*Asks:* 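Attaching a single structure in C-alpha cells format; questions to follow.
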Protein chains: 2
Amino acid sequence: MALEHAILVSLLEKPGSGYELARRFERSIGYFWNATHQQIYRVLKRMESDGWVDVRDVPQQARPDKKEYSVAAVGRAALSGWLHEPIEPESVRHDLAVKIRGAAFDDPAALIGEVERHYQAHTDRLAHYLAGERRDFAGPGAPGAPDPGRELQHAVLRGGIAYERMMLAWLDDVRATLHRLAAGR
Amino acid sequence: MALEHAILVSLLEKPGSGYELARRFERSIGYFWNATHQQIYRVLKRMESDGWVDVRDVPQQARPDKKEYSVAAVGRAALSGWLHEPIEPESVRHDLAVKIRGAAFDDPAALIGEVERHYQAHTDRLAHYLAGERRDFAGPGAPGAPDPGRELQHAVLRGGIAYERMMLAWLDDVRATLHRLAAGR
DNA sequence: CTTGTCTATGCAACGAGTTGCATAGAAGGA
DNA sequence: TCCTTCTATGCAACTCGTTGCATAGACAAG
C-alpha cells in the first residue's frame, strides 16, 4: 500500500489538514493518485498513532478549527525506506478497454458517444495540465542550483501531459475503428 | 465494479474455467485488467447464483476436473446494460509518480536504478505486445466483412502499444532529469 | 525418492476502498 | 427566508481485493 506514502510526500511538500489533503488529491495529486476524505482521515489517524506525523491544532475564525499535520522523523524514515525498495508493475484497470472488447458482442456504434465523452474529458485534463505547466514551470527556473522538488514535479507533470496526448490519439483511433465497423455492416 | 463485466467479455470471447480465466487475466487481458484466482472464483460463484453464467462439469484425465463457465442470457443482458451506461474518469494510481516526487526529499540518484528496471519491464511488455500483433493481426484480415471482435481487440492492443511507447519515452525523460539533478549537486 | 511445478478449486482472515450519513457554523444566491 | 455550498471531521456498514493456506493427482528434474 502506498496511500500513506503519497500522504507523506504531500505533507512534505506542504503540511496541511486532512481536508486540505483531500482537496489536493482531488486536484493536482489526484491525477496520479486518488483517495476520498474518509480514507485520508483514517490513514492519518493510524500514521499519527505510529508516530509518522505530528499534529497541531489550528483554531480558525468563521470556519471549523483544523488539525494541521506535518511529517515526523519516523515518517521521513518510513518514506525513505519505501523509496529504496523496488515496486512492481502497477496493476492497471481500463474500464474503457473492457467496454471496447465487449462492444463486439453488442452494438459497436453505441460506444461512439462514450468514446467522444472520454475524448472531451482528456482534452480538458490536458488543457489543465498545460495551464499548470505554463503557470509553474514557464521561466528557466531560479538562478543557481536547480530545485530538485520543482524539477521532479515538472517531470511528473510531463508524464501526465504525455499520457493525455497518447490517450487522445488512441481514442481518435478507436473512434475511427468504431465508425468503420458501423459503416461496414 | 467491473470485474464481473471483464469476466463476461472474456467468457463471451471464449468459455472457460475459473483457472483458465485467471491465466488469461495474467496474460493478455491482465495488461488492462488484473485479478487473482480467488477473486475470480468468488465472483464466478456470485454470477452463477445470479444466473449470469451457466456451468458445465468437464471431467478430465490426468488432471483435476474443471467447471466450464459460459455466459447466460441474463449475463448478456447485464453486460449490454453496462455497455450502455457511461463510466467515469478511471482513478489512476502511479506508485512511481509518488516515488519521483518523494525523491526530492531523499536521494534522487537512488531512484535511477528503479527507473531503469521499469524501463526494462516496459520494453519487455512492448515486445510482447508487438509479437502478439504480428501473430494475430499481421494479414489484411479475412476477406469480406470485417470481424468486429478482431478489429476491436486490435484497437485495444494498439492502445497497449501506444501506452508502452509513451511510458518508455517518459521514463527516459525521468532518467535524464534524475541524472541532471545528481550531477548538479 | 524427494522436491518442485502445473492443473484445479476453495476457505478464512485481513486490509483497502466506497458509500451513506451526521454535525455545525458561515456565506451567498433564489 | 430557505436552500445550497464550503470548511472540517468523523462513524458505521459494506464491498472489493490480497495473502496465506489446504487439497490432490500427474509429471518432470535432480
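Treat the numbers as computed from the prediction; the structure is a model and nothing was measured. First the proteins, then the strands, lettered A, B, ... as listed; each starts at 1.
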*Asks:* Between Pro64(A) and Ala35(A), just flag the one whose closest nucleotide in DNA chain C comes earlier from the 5' side.
*Replies:*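 Whichever sits nearer the 5' end wins; that is Ala35(A).
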*Asks:* Does this structure show an ion pair linking Lys67(A) with Glu20(A), if we count only N-O contacts that are shorter than 4.0 Å?
*Replies:*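 Here Lys67(A) does not pair with Glu20(A) in a salt bridge, since their nearest N and O are not under 4.0 Å apart.
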*Asks:* Should the pair His5(B) and Trp52(B) be assigned to parallel (<30°), tilted (30 to 60°) or perpendicular (>60°) ring geometry?
*Replies:*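 Plane angle between 30° and 60°, so tilted.
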*Asks:* Return the value, rounded to whole Å, for the distance between atom NE2 of His37(A) and atom C1' of dG17(C).
*Replies:*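 Result: 13 Å.
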*Asks:* Whole angstrom is fine here: how far is it from CZ in Arg46(A) over to C1' in dG17(C)?
*Replies:*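 To the nearest whole Å, that distance equals 12 Å.
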*Asks:* Which comes earlier along DNA chain D counting from the 5' end, the contact point of Gln60(A) or that of Arg42(A), where each point is its nearest nucleotide?
*Replies:*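 Looking at the nearest nucleotide for each, Gln60(A) comes out on the 5' side.
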*Asks:* What are the bounds, 5' to 3', of the part of DNA chain D that sits under 4.0 Å from heavy atoms of chain B?
*Replies:*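 Contact boundaries, 5' end first: dC16(D) to dA26(D).
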*Asks:* Give me the atom names and distance for the closest heavy-atom approach of Ala2(A) to Trp33(A).
*Replies:*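 Here Ala2(A) and Trp33(A) meet closest at CB-CH2, 3.7 Å.
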*Asks:* Walk me through whether Arg24(A) and Glu13(A) qualify under salt bridge (charged side-chain N to carboxylate O under 4.0 Å, His left out).
*Replies:* CA-CA 11 Å; Arg24(A) 287 184 216 170; Glu13(A) 289 177 356; over 6 Å; no
*Asks:* Once you round it to whole Å, what is the distance between C1' of dA16(C) and CG of Asp95(B)?
*Replies:*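 Computing the Asp95(B):CG to dA16(C):C1' distance gives 14 Å.
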*Asks:* Return the value, rounded to whole Å, for the distance between atom CD of Gln39(A) and atom C1' of dT19(C).
*Replies:*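 From Gln39(A) CD to dT19(C) C1': 12 Å.
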*Asks:* Just to be sure I understand the geometry, which residues of residues 8-21 of chain A put a non-hydrogen atom under 4.0 Å away from DNA chain C?
*Replies:*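 Of all residues in residues 8-21 of chain A, none places a heavy atom under 4.0 Å from DNA chain C.
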*Asks:* Kindly check if the number of other-residue, nucleotide or ligand heavy atoms within 6.0 Å of NE2 (His128(A)) is above 12?
*Replies:*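 Not more than 12 within 6.0 Å, no.
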*Asks:* Should Glu88(B) and Arg117(A) count as an ion pair when the cut-off is N to O under 4.0 Å?
*Replies:*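 Yes, Glu88(B) and Arg117(A) are salt-bridged.
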*Asks:* Would you kindly compare Ala62(B) and Glu4(B) by the position of their nearest DNA chain D nucleotide and give the one closer to the 5′ end?
*Replies:*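 Mapping each residue to its closest nucleotide by heavy atoms, the 5'-most match is Glu4(B).
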*Asks:* Would you classify Gln38(B) as touching base, sugar-phosphate or nothing, given that sugar-phosphate means primed atoms plus P, OP1 and OP2, and contacts are heavy atoms under 4.0 Å?
*Replies:*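 The answer is base, as Gln38(B) lies within the cut-off (heavy atoms under 4.0 Å) of a base atom.
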*Asks:* Separation of Lys66(B) atom NZ from dC6(C) atom C1', in whole Å?
*Replies:*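 After rounding, the reported distance stands at 14 Å.
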*Asks:* Is the Phe137(A) ring parallel, tilted or perpendicular to the His154(A) ring (thresholds 30°, 60°)?
*Replies:*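 Because their plane-to-plane angle is under 30°, the rings of Phe137(A) and His154(A) count as parallel.
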*Asks:* From CD of Gln61(A) over to C1' of dA26(C), roughly how many Å is that when rounded to an integer?
*Replies:*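 Rounded to the whole Å, the gap is 13 Å.
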*Asks:* For Arg63(A) and Leu3(A), find the nucleotide of DNA chain C closest to each by heavy atoms; which residue's nucleotide sits nearer the 5' end?
*Replies:*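 The answer here is Leu3(A).
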*Asks:* I'd like to check Met166(A) versus Tyr163(B) (side-chain heavy atoms, cut-off strictly below 4.5 Å). Are they in contact?
*Replies:*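 A side-chain contact exists here, since the closest heavy-atom pair is under 4.5 Å.
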*Asks:* Going by an N to O cut-off under 4.0 Å, is there a salt bridge joining Arg158(A) and Glu133(A)?
*Replies:*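 Not counted as a salt bridge, because no side-chain N and carboxylate O are separated by less than 4.0 Å.
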